[in-house]
Amino acid sequence: MRINAIPQANIFSNNVNMANKKTSFEGHIINGNNLRKIGFDCIVTSTVGKTMCACAGVTEPSLFLLNSTLSLFGFSMSGISLFIKNGELLNLNKFIKYVKAQNIEEAANFASQNFKIKDFNVDDLDTANWINEGLTKISNKFGGKTYMPSEIALKYLKIPKSKNSLAAYNDIKDLFWINKAAYANIDNKLQKLFDEIREKDLEKNFCIDLADKDEILERMIYKYKEKPSSFTNPQKLSLYSTLLNRFDILLEINQTYSNPAKTFWLNTHYNEFGLLFHEMGHMMNFKNQSMYSWLMKRILNRKFFKTEVDSMILPLDSKASSGEFIAETISGLLNGDVYPKEIMALFNKLTNVRIPKE
């Protein structure tokens, strides 16, 4: 039996200075973002043009030929982008000093200036500061050479499938969002989980890992029970996410403890940014490979993944899909956790993401 860790362009330019004319010429930037944008814009332009022509009753062959040509070009460019990485690696400052914002405008400016966030739609200051502090830790971990989402939002979700989620990363929109609805009942969720932990008699082992007690998690539990109002909403979400993962694992350990062949996977360090790190893990995994590679890995590794994790004890979500396994492992690694070789071998096979060591 083994109990182990976790909680984690090309630029073509040509300058010609002539003595008499003093002419300067600079080329355009050609990169993945531009190719994807060209493809998307051409497809949209063509589709809208054809629709308008059809609705207006236009039958001019040359007009349809133009739109068809644009469409073909657009789909070709889109096809090429299938083999280009889904995201551009940013080159941020090697070290960013986190500064707690005093208002939403300050928080939005901090995100824009330091992480190149285009849209920061967060109207809660605690959440805004939590996000910025967490992103600062990620950027500094990579020495500024990392991926970031284009948009960040705190919003209510209308999609039935996602309305109970705490947070998520939307790869189509390149958006990281926190579910605002989760704030309304997070205290009830925590209390219900505490009740289940007590009913299953897991309290005495909850803060124990292989090395010693997780004193930070233990302290956070006592602090929350003593005064829930001392926690911000994002801190409550993070605590709930951590407790839920550990509950899954301890429950499974109790049920299969007699099987020494199992690899046990435990969070050893509590971190209030675990939830954010998890969703950024989804983003890193998606952006670090092409769409083609991402889709192929999901299809080809499905059976392999299920076979591999059958001999491991993992949080339920992490065991359900390779994507969740990758994101949660990234979260642990960002937090400094160390994994057994079986976990890392599987992780390295499933994704190209590599987390710098301390």
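- F120 CZ to F176 CZ: the interatomic distance, rounded to the nearest 0.5 Å, is 9.5 Å.
- Looking at residues two or more places apart in sequence or on another chain, you find no side chain to side chain donor-acceptor pair (under 3.5 Å) involving N103.
- N348 places a side-chain N or O within donor-acceptor distance of the main-chain N or O of M344, the cut-off being under 3.5 Å.
- For the atom pair CD (E226) and CZ (R219), the distance works out to 13.0 Å, reported to the nearest 0.5 Å.
- One side chain, T351 or N285, offers a donor N or O that lies under 3.5 Å from an acceptor on the other.
- The side chain to side chain donor-acceptor pair (under 3.5 Å) search around S238 returns none, not counting sequence neighbours.
- Between K319 and E252, at least one side-chain N (NZ, or NE/NH1/NH2) sits under 4.0 Å from a carboxylate O, which counts as a salt bridge.
- Separation of atoms CD (E272) and OG1 (T242) is listed at 10.0 Å; rounding is to 0.5 Å.
- Using modelled atom types and a 3.5 Å distance limit, the side chains of N288 and N352 yield no donor-acceptor pair.
- When side chains are defined from C-beta on, M280 counts as touching P149, because their heavy atoms get closer than 4.5 Å.
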Taking distance alone, no hydrogens or angles, what donor-acceptor pairs closer than 3.5 Å link side-chain atoms of residues 105-117 to residues at least two apart or in another chain?
residue : atom : partner : partner atom : Å
E106    : OE1  : Q102    : N            : 2.9
N109    : ND2  : E105    : O            : 3.3
N114    : ND2  : F110    : O            : 3.0

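- The side-chain hydrogen bond (donor to acceptor under 3.5 Å, both in side chains) contacts involving residues 189-200 comprise Q191-D195, D195-R198, where partners must be two or more places apart or lie in separate chains.
- Side chains of L90 and Y147 form no contact here, defined as non-hydrogen atoms less than 4.5 Å apart.
- Side-chain contact, E328 with N245: a donor N or O sits under 3.5 Å from an acceptor N or O.
- With rounding to the nearest 0.5 Å, the separation of OG in S321 from CG in L350 is 10.0 Å.
- Considering only residues two or more places apart in sequence or on other chains, K236 meets the side-chain contact (heavy atoms from CB on, under 4.5 Å) condition with I186, D187, L190, Y224, F231, N233.
- Residue pairs meeting the side-chain hydrogen bond (donor to acceptor under 3.5 Å, both in side chains) criterion with at least one partner in residues 126-135, sequence neighbours excluded, are Y98-N129, D124-T127, T127-Y183.
- Side-chain contact between M312 and I343 is present, with heavy atoms from C-beta onward closer than 4.5 Å.
- By the rule that hydrophobic residues join a cluster once side-chain heavy atoms approach within less than 4.5 Å of another member, L92 and L89 end up as members of one cluster.
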